[in-house]
Amino acid sequence: MDPRQLTKIDEYTWRIEPDAEHPVPAIIYASEALIRDMDDKVYEQAENVAALPGIVGASYAMPDAHWGYGFPIGGVAAFDPDLGGIVSAGGVGFDISCGVRALVTGLTADDVRGVQKELADDLLATVPAGVGSRGEIRLSALEMDAMLTGGARWAVKEGYGTETDLAHIEEGGCMSGAEPEQVSDQAKKRQLREMGTLGSGNHYLEVQEVVEIFDPELAAAFKLADGNAIVSIHCGSRGLGHQIGTEFLREMAVAAESFGIHLPDRELACAPLRSEVGRRYLGAMRAAINCALANRQIITHLVRQVLARVIPKASLDLLYDVSHNTCKEERHIVDGVERHLFVHRKGATRAFGPGHPDLPDAFRTSGQPVLIGGSMGTASYVLAGTEESMHRAFGSACHGAGRLMSRHAAKKRWSGRQVVDELAERGILIRSPTMRGVAEEAPGAYKDVTDVVDAAQAAGLARKVAKLAPLVCLKG
DNA sequence: ATGTGC
């Protein structure tokens, strides 16, 4: 994207001005270099979102923004139901409630290095990964509905984890307002055997080392110290979320016209929040959020089993679990007035600051942990929400590195084996059921996550706490 | 992202 198309507000804030079709601006938070690397489609898509009914403030793009379905990935937009605001299935994304959770282990990276290969092999054998991967768990119809209503709270009741885990998950591990009856039989059927599975694409499970601390006080609040081993899990709602997204996109494309909503792009399919289809989508989407929370909780249980075998002294305590593909009902102060809004975050992490009433006691003074997954073999970051982030983009920050190269181009450029061998030389063990997936996820196919995180901090979206480097990576 | 898809 050519930065000259944008109004430069400051070094890290760029604006597409409103006009007759776009009542609010689009705001991109990024360095000039990141803007240059951004797809031109991000400009178009961020501007298109600014034309949707009932949008409040601006259409925002995070520093890792790239071309998505309708809305950019790395997009944030809030809508007011009182002003005819909409909800959009494409504004949430196909992988509903995809997210990251990080666990502190009570181990040092050296503890891990001593058994690195056994750990990698046991994780591959224990956590199902890859397209169509199936788990041991098979849900009955009744259990499916209980899972879709209860989320991680259901999983803990079933024996996958502890009460303490729940306080360290957004929404306390259970998204309210879920309506399993709005989830199609087909979506439920696809999920029957997929609980506790990682999936494919950019999903991963990593054992990481804390290699740098930026803010000692916040790091202490998050129980992170230099040289510690961390486990991070990145995955979502699997086939169920995908099926819900597919079905409602189709339905909303038809509905939008019937509501007289003019769409600049068919992919922006949406429906008023106060319409019947809008309400049904919210009920189904919240059920998918619970599915993702339960899924990450079950995978956590599997990782605890692996560590109990390989390094018995390990203790896996959940730092936090964040979702980065959601639409959430939240209260925000806009121009000094508290408003009740529906915030779409697509490839954007919630980043609530200190004192926010939705945060658990543990993070009341620190702000919430913001977990940023890098590309395979590079780095991940832990950030914290700030008071400033509340006013920048409705308490949101970036979610990852963001692709630089298409999957197709990455496959042409690297072989999976070559990527695995190169990373092994640097002490990083990759395990995956598919070498093709590894090639698509080669580190060179992504932007530098450090640039993205630095821009997020400089733009006031979140504050850097710690940097994590991978030791073991299980890829789908 | 995905019972990957022309």
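Heavy atoms only: backbone and side chains are in, while hydrogens, waters and symmetry mates are out. The chains referred to below are lettered A, B, ... by the order of the sequence lines, with proteins before strands, and numbering in each begins at 1.
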* Is there a side-chain polar atom (N or O) of Arg407(A) under 4.0 Å from OP1 or OP2 of dT4(B)? ->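 False: Arg407(A) side-chain N/O out of range (4.0 Å or more) of dT4(B) OP1/OP2.
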Whether the Arg101(A) and Ser232(A) side chains hold a donor-acceptor pair (N or O, under 3.5 Å, no angle test) is what I'd like checked.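 No pair is found: no donor N or O on one side chain lies under 3.5 Å from an acceptor on the other.
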Will you find, in the side chains of Gln297(A) and Arg153(A), an N or O donor that is under 3.5 Å from an N or O acceptor?
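There is no such pair (donor and acceptor under 3.5 Å, judged by atom type) between the side chains of Gln297(A) and Arg153(A).
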Practice problem: Could you tell me whether Ser200(A) contacts a base, only the sugar-phosphate backbone, or nothing, with contacts defined as non-hydrogen atoms closer than 4.0 Å? | Solution: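 Since a base atom lies under 4.0 Å of Ser200(A), the category is base.
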task = Please work out if Arg436(A) contacts a base, only the sugar-phosphate, or nothing of the nucleic acid, heavy-atom cut-off 4.0 Å.
result =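 If one applies the 4.0 Å heavy-atom cut-off, Arg436(A) turns out to touch a base.
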Taking [atom1] from [X] and [atom2] from [N], how many angstroms apart are they, rounded to a whole number?
| X | N | atom1 | atom2 | answer |
| --- | --- | --- | --- | --- |
| Glu441(A) | dT4(B) | CD | C1' | 13 Å |
| Leu198(A) | dT4(B) | CG | P | 17 Å |
| His242(A) | dG5(B) | NE2 | P | 8 Å |
| Phe94(A) | dG5(B) | CZ | P | 10 Å |
| Tyr69(A) | dT4(B) | OH | C1' | 16 Å |
| Phe248(A) | dT2(B) | CZ | C1' | 18 Å |
| Gln243(A) | dT4(B) | CD | C1' | 14 Å |
| Gln186(A) | dT2(B) | CD | C1' | 13 Å |

Let me spell it out: for each of Lys411(A) and His203(A), pick the nucleotide of DNA chain B with the closest heavy atom. Which residue's pick is nearer the 5' end?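 Counting from the 5' end, the first nearest nucleotide belongs to His203(A).
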Between Tyr320(A) and His168(A), is the ring centroid distance below 6.0 Å?
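Ring centroids of Tyr320(A) and His168(A) are no less than 6.0 Å from each other.
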**Message:** Classify the ring geometry of His234(A) against His203(A): parallel below 30°, tilted from 30° to 60°, perpendicular beyond 60°.
**Reply:**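 If you compare the ring of His234(A) with that of His203(A), the planes turn out perpendicular.
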